Every structure is written in C-alpha cells, then in structure tokens.
Amino acid sequence: MENKKNYFVRNTLCLMLIAVLVACVALCSVGMVASATTGEETEVEARGLMTKISIQIGSSGGNVWAMAHNDFTLGPSTIQVYVYLYSSLTYQEDYMQMTLENKNYISDLNINQSLETSAPINGVQRYWRARVFFKLDQKDWTSKETITYLVDVNGNVIH
C-alpha cells in the first residue's frame, strides 16, 4: 500500500510540474494582444525564460575546433551567439593572454543547433581554449569558457 501511495504522490507532482511548464510556455507564446482602450492590435515581444548553451573543444583532421551548442531554451526567443577559439605556445588560464585564432557568429542559435569555428594546428603543439559569448533576447551577455587544453602536433588533445 505504501508503494502505491508513493507512486500516486510522484505522479501527482510530475503532473503539477508539467502543468506549470505548459503555463509558462503559454505565457511566453503570446504574440498579439488586443488593446482594451483603442481596439487596435499591439505587437508583444516574445521573451525566452532561459537557455542553456554549452561549449566544447576538440581536434580532428589537422584542426582544433570550438563548438557552442544550444542544449535547451524555454520559450520563444532570439539567442545571439559568438564562439571564439584561442591558442598560446605557453599555458594560460586567461583567454585574454592568448591569441584569438578564429571566431564565428550567429544572430539566432535555435535549440539543438550548434555554431562552430576552427583553426589549423600547422604542426605546432599549442594550448587551446574555447569561449562562447551569448545573449538571450534583451538580457545581459553571458560568457562561458572551456579549460585550457594542450594539443600536440598530431592533433591529440592532452588534458
């Protein structure tokens, strides 16, 4: 009997969470609102509630690459994204002390899409770091970085 009670409680909580999420999405999806005073239609800007952008770094085919990925976005939104790739001959923990090798930009990175940039290894062992700089709608810009990785002359990523 106790297991049935726990099952019921868990299912009820899950249904309540789903209902709250549906309500949030519905509120974010409002596109047009009728004005009560003039009877005219007014455009309402859609706003996303949150987004999760990840950043990865890797090596393949003689290049080092940096990739930003939109893992999740709640609500309709516009997400501007820059992805940067830096290198240095010596170990650095600050991308500002490294050389910018390449960058890429997209004006709206949709959910489950990626933005990538790359640079050639050119047979030189170097330290590499990737950075993503993104903005959800009119919110503040956010920056995320990978740690610094050593990539040898053959393209092997060494932690």
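Computed from heavy atoms alone, side chains included, the values below leave out hydrogens, waters and symmetry copies. Numbering of residues begins at 1 and proceeds along the displayed sequence. Only a predicted model underlies this, so the values are computations on that prediction, with no experimental measurement involved.
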Separation between CD of Gln97 and CG of Asp94, rounded to the nearest 0.5 Å: 5.0 Å
Distance (rounded to the nearest 0.5 Å) between Leu49 CG and Leu74 CG: 4.5 Å
Any donor-acceptor N or O pair under 3.5 Å, side chains [X], [Y]:
X: Ser87; Y: Glu101; result: yes
X: Arg126; Y: Ser88; result: no
X: Asn70; Y: Thr73; result: yes
X: Thr78; Y: Gln80; result: no
X: Ser114; Y: His69; result: yes
X: Asp137; Y: Ser77; result: no

Hey, are the side chains of [X] and [Y] touching, using non-hydrogen atoms and a 4.5 Å cut-off?
X: Asn112; Y: Asn110; value: no
X: Val64; Y: Leu85; value: yes
X: Tyr105; Y: Tyr84; value: no
X: Phe134; Y: Thr51; value: yes
X: Val151; Y: Asn156; value: no
X: Ile121; Y: Ser59; value: yes

Determine whether [X] and [Y] fall in the same hydrophobic cluster, where Ile, Leu, Val, Met, Phe, Trp and Tyr are linked whenever their side-chain heavy atoms lie under 4.5 Å apart.
X: Tyr82; Y: Leu100; value: yes
X: Met50; Y: Ile79; value: no
X: Ile57; Y: Val83; value: no
X: Phe133; Y: Ile106; value: no
X: Leu109; Y: Met67; value: no

Please check if the side chain of Asn104 supplies one atom and the backbone of Glu116 the other of a donor-acceptor pair under 3.5 Å.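 Checking the backbone N and O of Glu116 against the side chain of Asn104, a donor-acceptor pair under 3.5 Å is found.
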Shortest non-hydrogen separation from [X] to [Y] and the atoms involved:
X: Leu89; Y: Val124; result: CD2-CG1, 3.8 Å
X: Ala130; Y: Ile55; result: CB-CG1, 3.9 Å
X: Thr148; Y: Tyr91; result: CB-CE1, 3.7 Å
X: Thr90; Y: Gln92; result: OG1-NE2, 3.0 Å
X: Pro120; Y: Trp128; result: O-CH2, 4.1 Å
X: Val81; Y: Ala68; result: CG1-CB, 4.0 Å

Please determine whether the number of non-hydrogen atoms from other residues, nucleotides or ligands lying under 6.0 Å from atom CD of Glu93 exceeds 12. no
If you count the non-hydrogen atoms of other residues, nucleotides and ligands that lie under 6.0 Å from NZ in Lys135, is the total more than 12? yes
Under the ring pair (Phe, Tyr, Trp, His ring centres under 6.0 Å) rule, collect the residues that match up with Tyr95, sequence neighbours excluded. Tyr86
Is NZ or CZ of Arg129 both nearer than 6.0 Å to the six-membered ring centre of Tyr127 and within 45° of the ring axis?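 Ring-cation test returns no.
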